[in-house]
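Notes follow the structure.
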Amino acid sequence: MDRYAQDKSVVNKMQQKYWETKQAFIKATGKKEDEHVVASDADLDAKLELFHSIQRTCLDLSKAIVLYQKRICFLSQEENELGKFLRSQGFQDKTRAGKMMQATGKALCFSSQQRLALRNPLCRFHQEVETFRHRAISDTWLTVNRMEQCRTEYRGALLWMKDVSQELDPDLYKQMEKFRKVQTQVRLAKKNFDKLKMDVCQKVDLLGASRCNLLSHMLATYQTTLLHFWEKTSHTMAAIHESFKGYQPYEFTTLK
């Protein structure tokens, strides 16, 4: 086997590249491959599907966080503008309705300021997701690419061995030598592929666990901030509602 493994002739390299290219062409065109070879990689393909899902959903999450921050800023601005408008109109109205507008305007301005506090955990969340994407996912992606290259080499070697075995005559020494040479190439390719296959499976499992830890930690921080926001604003609104009990209700008509 060592003797055949040392075959680095130009002809041997050209033959390897030919069958690797043929395997790559088969994969690119979606032609049917040997069902047993495909079935042997079922566990690996399942891990790859999970990896691509993590890759895609993390990108979507990053975009959603950015959009959510913009929406919070926009809502806070509009809420503050409405609060300032009610306060200015309330100062001009000397009735109880004016007092209600002033109090409600102050509450809305307070709520708009408190709402901006949600951006802090969201900014941190976005930074952590981006770091996770650019480091953990990128590192796994490099390993996946190396594994796919080795898988192409291995399956190309299998095609080569299948082609040689169809014309094999055990009584001819040269044909046996050729078959042994190709068989050695298959063994070496399989050894490299199996190692990277295990690396990919382990990295994808670790990637999934890391993402769960990231989401659990960062979402807990955001949830705590959100609950504090609602507690403060609901307390303020409840106090205003309590102070206006017994006031004459008003019916407003919108002029379109």
Donor + acceptor pair across side chains of Ser62, Glu130 (<3.5 Å): yes

Can you tell me how far CZ of Phe125 sits from CG of Leu214, rounded to the nearest 0.5 angstrom? 6.0 Å

Any chance NE2 of His235 has more than 12 other-residue heavy atoms, nucleotides or ligands included, within less than 6.0 Å? no

For a quick test of reading the model, state the closest non-hydrogen atom pair linking Thr233 to Ser111 and the distance between them. CG2-OG, 3.6 Å

Joint cluster assignment, Leu82 & Met100, ILVMFWY side-chain distance < 4.5 Å: no

The reported gap from CD in Glu79 to CD in Gln113 (rounded to nearest 0.5 angstrom) is 10.0 Å

Between Leu215 and Leu61, is a side-chain contact (heavy atoms from CB on, under 4.5 Å) present by the stated rule, with each step listed? CA-CA 11 Å; Leu215 295 177; Leu61 178 60; 3.8 Å; yes

Are the charged groups of Asp93 and Lys99 less than 4.0 angstrom apart, N to O? no

Pairwise side-chain contact, Asn80 with Phe110, heavy-atom cut-off 4.5 Å (strictly under): no

Is the closest basic N to carboxylate O distance between Arg151 and Asp194 below 4.0 Å? no

Taking side chain as C-beta onward, heavy atoms only, is Leu48 less than 4.5 Å from Glu148? yes

Are Lys195 and Asp199 within salt-bridge range, i.e. N to O under 4.0 Å? yes

Just checking Glu128: does its CD atom have more than 12 heavy atoms from other residues, nucleotides or ligands closer to it than 6.0 angstrom? yes

Report yes or no: do Arg211 and Thr57 form a side-chain donor-acceptor pair below 3.5 Å? yes

pair Arg87-Met101: side-chain heavy atoms closer than 4.5 Å: no

Taking all heavy atoms of Ile240 and all of Ala103, pick out the closest pair and write down the distance. CD1-O, 3.4 Å

Testing the basics here: between Ser76 and Ser112, what is the closest heavy-atom pair and its distance to 0.1 Å? OG-O, 2.6 Å

Does the side chain of Ser53 come within less than 4.5 Å of Arg56's, by heavy atoms? yes

Rounded to the nearest 0.5 Å, how far does CG of Asp139 lie from CG of Leu207? 9.0 Å

Do the side chains of His228 and Leu118 get nearer than 4.5 Å, heavy atoms only? no

For the pair Thr225 and Asn120, evaluate side-chain contact (heavy atoms from CB on, under 4.5 Å) and give the outcome as yes or no after the intermediate values. CA-CA 9 Å; Thr225 307; Asn120 292 330; over 6 Å; no

If we only count heavy atoms from C-beta on, is the Leu122 to Ile72 side-chain gap below 4.5 Å? yes

Within-4.5 Å side-chain heavy-atom neighbours: Val144 and Lys203: no

Is there a path of hydrophobic side-chain contacts, each under 4.5 Å between heavy atoms of I/L/V/M/F/W/Y residues, joining Leu206 to Trp141? no

Rounded to the nearest 0.5 Å, the SG atom of Cys109 sits from the CZ atom of Phe85 at a distance of 12.5 Å

Interatomic distance, CG@Leu226 vs CD@Glu231, rounded to 0.5 Å, equals 10.0 Å

Begin from the C-alpha positions of Gln102 and Leu86 and carry the test side-chain contact (heavy atoms from CB on, under 4.5 Å) through to its verdict. CA-CA 6 Å; Gln102 290 183 49; Leu86 289 177; over 6 Å; no

Is there side-chain contact between Gln69 and Ile65, with at least one heavy-atom pair below 4.5 Å? yes

Which heavy atom of Cys58 sits nearest a heavy atom of Val129, and at what distance? O-CG1, 3.8 Å

Start with the C-alpha distance between Arg187 and Lys191, add both sets of side-chain angles, then the distance that settles side-chain contact (heavy atoms from CB on, under 4.5 Å), and finish with yes or no. CA-CA 6 Å; Arg187 289 174 180 171; Lys191 181 180 178 181; over 6 Å; no

Other residues, nucleotides and ligands only: do more than 12 of their heavy atoms fall within 6.0 Å of NE2 on His52? yes

Return the orientation label for the Tyr222 and Tyr68 ring planes: parallel under 30°, perpendicular over 60°, tilted otherwise. perpendicular

Please name the pair of heavy atoms, one in Arg115 and one in Leu75, separated by the smallest distance, quoted to 0.1 Å. NH1-CD2, 3.5 Å

Just how far is it from atom CZ of Phe132 to atom OG of Ser138, taken to the nearest 0.5 Å? 10.5 Å

